[in-house]
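Written below as structure tokens is the structure these notes are about.
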There are 2 protein chains.
Amino acid sequence: MSEFIGTVGGGYDAKKGRISVPSLFRSQIAGPGALEIILRRSRHKRCIEVWPKADYMAEVDARVEGLSKLSAEYQSVMRKLVGKIHTLTLDPDGRVVMPKELAEHAGFEGELQFSGRGAYFEIWNAAAFAEEEARLDAEDEGGDV
Amino acid sequence: MSEFIGTVGGGYDAKKGRISVPSLFRSQIAGPGALEIILRRSRHKRCIEVWPKADYMAEVDARVEGLSKLSAEYQSVMRKLVGKIHTLTLDPDGRVVMPKELAEHAGFEGELQFSGRGAYFEIWNAAAFAEEEARLDAEDEGGDV
DNA sequence: TGGGATAGCACGGGATTTCGTGGGACCACA
DNA sequence: TGTGGTCCCACGAAATCCCGTGCTATCCCA
């Protein structure tokens, strides 16, 4: 199981729409053969989620386990979890071209932040990330974490 | 399970941002292969917490056991426990380069103090540590510890 | 019990490799 | 022949490794 840990900065090559996956995370993208990743836009946040393909598909399988493929729930889950995602392969330098739809959703330009979430990691516009962290940390004030 | 016991002094190489993990604690950082540690800033104190990676991740795993990786709670827990930490590997001399963010939070310069807390240990600016100890000891006056 | 040899540890400074990044070449397809 | 996508190469910066050195604590033996 992959472990995406910590947060690092990086740049967005607006000219080519290209990002370089930080070495820290690249080494965690396992899998047979080429390094395949799943990208999807976060539903409620202005960021992109990145998963190793095999891990993501395992989560989907777990989610629909036991359901008939003809059932309405199977169809609904699949529409949301696999209908809207992008599959990309890292190039030899560990970079990928970000689909425009995703780059726009997350407001990519200039500086980015890559933040580990264990099984996956998120990519943020650096300024938006700082705002969001400050907001959530303030909410948590007084917690025992 | 590791046992970090006692308090020892050490230095901070400001030029390279490097610290040498005291031999007393180094021998307690177990794990397969390379010696990996987790660093995180203490939420309420001006110090850095250091954990053996395996032990820290075991705590995290226990916290999210049974949760779907697609759930909001998994995401929230991981943001706090995994997104904000740093993974470092001891170099052949038992040293690590302290991330700037952490060195600043704890005010590292000149002399440091490494203080065991059982499962982990803390790193303090030596002067700040002395202050904090004096303050807490005064509070405890009359206690039976 | 004192003194000298030895090993381990902390520390400083270079040398080497890796990583991120920009730009250009090549190929497929239209 | 234009266009988009992928691959390849090269450069600068930064992280990593690898030495050598001095000090301190330990051990051994007289």
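Letters A, B, ... are given to chains in the order of the sequence lines, protein chains preceding strands, and every chain is numbered from 1. Atom set for the values below is all heavy atoms of this structure, side chains included, hydrogens, waters and symmetry mates excluded.
- For S23(A), the side chain to side chain contact (heavy atoms under 4.5 Å, CB included) test picks out no residue, with sequence neighbours left out.
- Using a 4.0 Å heavy-atom criterion, one finds that G94(B) contacts no nucleic acid atom at all.
- One can place CE of M98(B) at 13 Å from P of dT16(D), the figure rounded to the nearest angstrom.
- When the side chain to side chain contact (heavy atoms under 4.5 Å, CB included) test is applied to H105(B), the partners found at least two apart in sequence or on another chain are R41(B), I48(B).
- Residues meeting the ring-ring contact (aromatic ring centres under 6.0 Å, His included) test with W124(A), sequence neighbours left out: F129(A).
- When the ring-ring contact (aromatic ring centres under 6.0 Å, His included) test is applied to F108(A), the partners found at least two apart in sequence or on another chain are Y12(A).
- For the segment residues 122-129 of chain A, no residue has any heavy atom less than 4.0 angstrom from an atom of DNA chain D.
- Residue L24(A) contributes atom CG, which lies 17 Å from atom P of dT18(C) at whole-angstrom precision.
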Protein N or O to nucleotides 26-30 of chain C N or O, pairs below 3.5 Å:
none

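- Atoms OH (Y12(B)) and C1' (dA10(C)) sit 17 Å apart, rounded to a whole Å.
- Scanning for side chain to side chain contact (heavy atoms under 4.5 Å, CB included) contacts around R43(A) gives an empty result, with sequence neighbours left out.
- At a threshold of 4.0 Å, the pair E139(A)-R135(A) counts as salt-bridged, since one of the basic side-chain nitrogens sits closer than that to a carboxylate oxygen.
- As a whole-Å value, the separation of R26(A) CZ from dG20(C) C1' is 8 Å.
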For nucleotides 2-8 of chain D, print each protein N/O atom paired with a nucleotide N/O atom at under 3.5 Å, atom names and distance only.
residue: dT6(D); atom: O4; partner: K16(A); partner atom: NZ; Å: 3.4
residue: dC7(D); atom: N4; partner: R18(A); partner atom: NH1; Å: 3.4

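- Residue pairs meeting the salt bridge (Lys or Arg N to Asp or Glu O under 4.0 Å) criterion with at least one partner in residues 26-40 of chain A, sequence neighbours excluded, are E36(A)-K53(A), R40(A)-E49(A).
- Scanning for ring-ring contact (aromatic ring centres under 6.0 Å, His included) contacts around F25(A) gives F4(A), F121(A), with sequence neighbours left out.
- Taking atom CG on D13(A) and atom C1' on dG23(C), their separation rounds to 10 Å, with Å as the unit.
- For residues 113-129 of chain B, the pairs satisfying salt bridge (Lys or Arg N to Asp or Glu O under 4.0 Å) are K45(B)-E122(B), R117(B)-E122(B), with sequence neighbours left out.
- Here K15(A) does not pair with D13(A) in a salt bridge; the nearest charged N to carboxylate O distance is not below 4.0 Å.
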Donor-acceptor list for residues 63-79 of chain A side chains, cut-off 3.5 Å, not counting sequence neighbours:
residue: S68(A); atom: OG; partner: L70(A); partner atom: N; Å: 2.9
residue: S71(A); atom: OG; partner: S68(A); partner atom: O; Å: 2.7
residue: S71(A); atom: OG; partner: Y74(A); partner atom: N; Å: 3.1

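- If you measure from atom NZ of K15(A) to atom P of dG23(C), you get 5 Å, rounded to the nearest angstrom.
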